[in-house]
Amino acid sequence: MFEKTGEKKVMRDPIHGYIHVEDKIIWDCINAKEMQRLRRIHQLGGDFQIYHTAEHSRFSHSLGVYEIVRRMVNEIEELRVRLSDYEKLTVMAAGLLHDIGHGPFSHAFESVSLLSHEEYTCKIITENSEIHRILERCDVSLSKDVVDIIKGRHRNELLNQIVSGQLDADRMDYLLRDAYFTGTSYGNFDLERIIRTMRIVDERITVKESGIHSVEDYIMARYHMYWQVYLHPVARSYEGLLVMLFRRLKYLYQNDADSLQNVEMLIPFLKDTPAGIEDLFLLDEAAAFYGFARLRTHPDAILRDLSSRILDRKLFEYETVSDEARIEEIKHKALQAGYSPDYYVYSDTAAQALYSLYQRNESGHNIWILGEDQTVKELSTISPLVHAVCHEKLKEDRKVYYPKEIL
Ligand code: NI
């Protein structure tokens with residue numbers, strides 16, 4: 001048995017009602033400094049610029065994922081019986097810690113840092129951090145086992161599916177949470193019913209056929225949230241500004257590093273070698289915004305302008321494009337208007353398949369439905385709705401962003 005917290009800890013949560021903690025190791029991880037840092041990182045990066053109430057943090061999402069995992073291993077009878085106490089603790093810790101390596105501003109920042117947030121997550125768990133020491137004190141193999149689950153390669157395939165399958169605790173929490181905090185109604189689905197109808201067959205998590213409508217709802221929630229929130233063009237425009245600002249910072253770091261002395265928190269991320277976990281720890285969004293505020297008075301006009309645009313929400317205009325020629329034309333106009341296209345014309349492509357039948361060689365990463373006759377079928381073979389959308393072609397959206405005064 002693992003050490004308990006004594007009195008059960010409960011935290012109020014608008015999505016789950018309460019988050020319940022009774023394992024000391026989980027409580028200690030929540031109170032570790034790397035976890036507390038996530039309070040200072042927005043769950044949705046710059047989406048609060050579009051949805052003004054999207055102020056929730058990666059901290060609350062992490063607690064939510066932990067809570068769903070905790071419920072799954074306790075309320076799905078086969079998991080409760082089959083998993084050891086150690087496995088339950090490991091997968092709950094993986095749920096709690098799966099996003100610990102996030103930098104500020106979500107994906108925009110990942111285009112700047114040389115390591116992905118997944119790589120930083122694994123480094124924080126396995127290198128010298130408070131989190132690592134807490135896990136090591138409990139069991140010497142715990143940090144490695146937690147990382148194995150987060151990477152989706154734990155020897156017990158069921159544990160991987162709980163944290164990152166097609167119907168996993170991570171997605172179920174962020175869809176509900178992001179819908180709630182953005183005030184959009186599309187992300188809603190019946191989490192209670194999904195958990196209640198989950199069954200384990202061999203090494204797979206399945207959902208009983210009577211729960212199929214709640215799974216269809218979940219698939220549709222994903223689709224709507226992607227287009228309405230995650231791939232929102234204004235959010236992408238904001239991300240574009242951040243990418244451009246960091247591009248200019250990198251250029252100046254190579255050509256005039258002395259001029260960047262008063263934004264020391266950004267320096268480790270401008271180098272050719274990856275920043276360490278201590279550098280990442282120091283760069284939360286509060287630090288980044290403070291850096292941007294200092295850049296408002298920088299001698300370089302591009303840095304001054306881009307940082308002011310970010311802080312004052314003077315975002316780039318955007319339009320949908322289908323060919324390179326239009327982008328070239330906009331670059332040309334930018335040049336004529338005195339703007340460097342390298343820092344003032346940005347383009348991206350968003351694509352989202354509603355339910356992609358991806359299989360990472362394991363059998364576990366589709367959604368499986370358990371029929372009344374006890375046979376297991378892949379969701380799209382029995383849901384006409386999911387079948388129809390699976391055969392839709394990939395929806396693509398290419399956009400170009402630029403200051404509106406150039407046209
Ligand atoms: Ni997550």
Can any side-chain N or O of Glu216 pair as donor or acceptor with the backbone N or O of Leu385 at less than 3.5 Å? no
Side chains of Leu266 and Leu260 in contact at under 4.5 Å (non-hydrogen atoms): no
Step by step, work out the side-chain contact (heavy atoms from CB on, under 4.5 Å) result for Leu89 and Asp139. CA-CA 11 Å; Leu89 194 66; Asp139 189 300; over 6 Å; no
Atom NZ of Lys208: over 12 foreign heavy atoms under 6.0 Å: no
How about CD on Glu7, more than 12 heavy atoms from neighbouring residues, nucleotides or ligands closer than 6.0 Å, or not? no
Give the C-alpha distance, both sets of side-chain angles, the deciding distance and a yes or no for side-chain contact (heavy atoms from CB on, under 4.5 Å) between Arg177 and Gln43. CA-CA 9 Å; Arg177 192 170 298 279; Gln43 166 68 8; 5.5 Å; no
Beyond-backbone contact of Glu75 with Arg80, side-chain heavy atoms, under 4.5 angstrom: no
Say whether, by atom type as modelled, one donor and one acceptor occur between the side chain of Ser307 and the main chain of Arg304 under 3.5 angstrom. yes
Side-chain donor-acceptor pair present, Lys399, Thr320, cut-off under 3.5 Å: yes
Side chains of Thr121 and Glu118: do they bring a donor and an acceptor to under 3.5 Å? no
Is Gln36 reaching over with its side chain to a backbone N or O of Ile30, donor-acceptor style, under 3.5 angstrom? yes
From the list Arg37, Arg40, Lys33, salt bridge (Lys or Arg N to Asp or Glu O under 4.0 Å) partner of Asp284 resolves to Arg40
Is any NZ, NE, NH1 or NH2 atom of the basic residue among Glu209 and Arg199 found under 4.0 Å from an Asp or Glu carboxylate oxygen of the other? no
Quick one: does Glu67's side chain have a donor or acceptor within less than 3.5 Å of a partner on His20's backbone? yes
Measure from the side-chain N and O atoms of Gln161 to the backbone N and O of Ile205, and report whether any donor-acceptor pair falls under 3.5 Å. yes
Electrostatic pair Glu22:Lys88 at N-O distance under 4.0 angstrom: no
Tell me if the NZ atom of Lys24 is crowded by more than 12 foreign heavy atoms within 6.0 Å. no
Donor-acceptor contact present, side-chain Asn156 to main-chain Leu158, <3.5 Å: yes
Could you give the distance from CG (Leu142) to CD (Glu136), rounded to the nearest 0.5 Å? 8.0 Å
Counting neighbours of CG on Asp272 that are heavy atoms of other residues, nucleotides or ligands and sit closer than 6.0 Å, is the number greater than 12? no
Is Glu130 salt-bridged to Arg133, going by a charged N under 4.0 Å from an acidic O? no
Within a radius of less than 6.0 Å around CZ of Phe281, do more than 12 heavy atoms belonging to other residues, nucleotides or ligands occur? yes
If a pair satisfies salt bridge (Lys or Arg N to Asp or Glu O under 4.0 Å) and one of its residues is in residues 225-248, list it, with sequence neighbours excluded. Arg236-Asp348, Arg236-Asp397, Arg248-Asp300
Report yes if the side chains of Cys29 and Ile131 come closer than 4.5 Å at any heavy-atom pair, otherwise no. yes
Whether Tyr344 and Phe316 hold their rings parallel, tilted or perpendicular, with breakpoints at 30° and 60°: tilted
Under a plain distance cut-off of 3.5 Å, with no hydrogens placed, do Asp342 and Tyr251 share a side-chain donor-acceptor pair? no
Apply side-chain contact (heavy atoms from CB on, under 4.5 Å) to the pair Asp99 and His117, showing each step before the final yes or no. CA-CA 7 Å; Asp99 274 343; His117 78 267; 4.2 Å; yes
Would you say the side-chain atoms of Arg326 pair up with the backbone N or O of Val321, donor to acceptor, closer than 3.5 Å? no
When the ring planes of Phe246 and Phe292 are compared, do they come out parallel, tilted or perpendicular, using 30° and 60° as the limits? perpendicular
I'd like to know if the side chain of Gln228 pairs up with that of Thr184 as donor and acceptor (distance under 3.5 Å, no hydrogens or angles considered). no
Salt bridge present between Glu319 and Lys404 (N-O < 4.0 angstrom): no
Only counting residues at least two apart or in another chain, list the ones meeting ring-ring contact (aromatic ring centres under 6.0 Å, His included) with Tyr401. Tyr346
Any side-chain heavy-atom pair of Ser164 and His98 under 4.5 Å: no
Tyr86, OH atom: more than 12 neighbouring heavy atoms under 6.0 Å: yes
Which pair of non-hydrogen atoms, one from Leu96 and one from Ser62, has the smallest distance, and what is that distance? O-CB, 3.3 Å
Evaluate the side-chain proximity of Leu280 to Phe269: yes if any heavy-atom separation is below 4.5 Å, no if none is. yes
For residues Asp178 and His56, is any side-chain donor paired with an opposing acceptor at under 3.5 Å? yes
Charged N to carboxylate O under 4.0 angstrom, Glu87 versus Arg155? no
Between the main-chain N or O of Tyr238 and the side-chain N or O of Arg313, is there a donor-acceptor pair closer than 3.5 Å? no
Nearest atoms (heavy-atom pairs only) where Ile367 meets Val215: CG2-CG1, 3.8 Å
Is the backbone of His132 close enough, under 3.5 Å, to the side chain of Ser143 for a donor and an acceptor to pair up by distance? no
Could Asp168 and Arg171 be called an ion pair, given the rule that one side-chain N must be under 4.0 Å from one carboxylate O? yes
Closer than 3.5 angstrom, by distance alone: can the side chain of Thr375 be matched with the main-chain N or O of Gly371 as a donor-acceptor pair? no
Where is the tightest heavy-atom contact between Leu249 and Leu270, given as atom of each residue plus distance? CB-CD2, 3.7 Å
If the threshold is 4.0 Å, N to carboxylate O, is there a salt bridge linking Arg82 and Glu78? no
Search all heavy atoms of Arg398 against all heavy atoms of Ser347 and return the closest pair with its distance. NH2-OG, 3.5 Å
Going by heavy atoms in the side chains, are Phe105 and Phe289 under 4.5 Å from each other? yes
From the list Leu242, Leu283, Val243, side-chain contact (heavy atoms from CB on, under 4.5 Å) with Phe109 holds only for Leu283
Quick one: closest heavy-atom pair of Ile25 and Leu135, and the distance? CD1-CA, 4.1 Å
Between the side chains of Asp173 and His61, does any donor sit under 3.5 Å from an acceptor? yes
Is there a side chain to side chain donor-acceptor pair (under 3.5 Å) between Arg294 and Tyr290 once you walk through the steps? CA-CA 6 Å; Arg294 288 188 150 185; Tyr290 181 54; 2.9 Å; yes
For the residue pair Asp305 / Tyr343, report whether a side-chain donor-acceptor contact shorter than 3.5 Å exists. no
Minimum side-chain heavy-atom gap Leu252-His298 below 4.5 Å: yes
Would Glu378 and Trp368 count as a side-chain contact (heavy atoms from CB on, under 4.5 Å) here? Give the steps. CA-CA 5 Å; Glu378 191 277 316; Trp368 301 101; 3.7 Å; yes
Might you confirm whether atom CG of Asp202 has over 12 heavy atoms from other residues, nucleotides or ligands at distances under 6.0 Å? no
For a 4.5 angstrom cut-off between non-hydrogen side-chain atoms, does Leu191 reach His16? yes
For the residue pair Met244 and Val345, what are the closest heavy atoms and their distance? CE-O, 3.1 Å
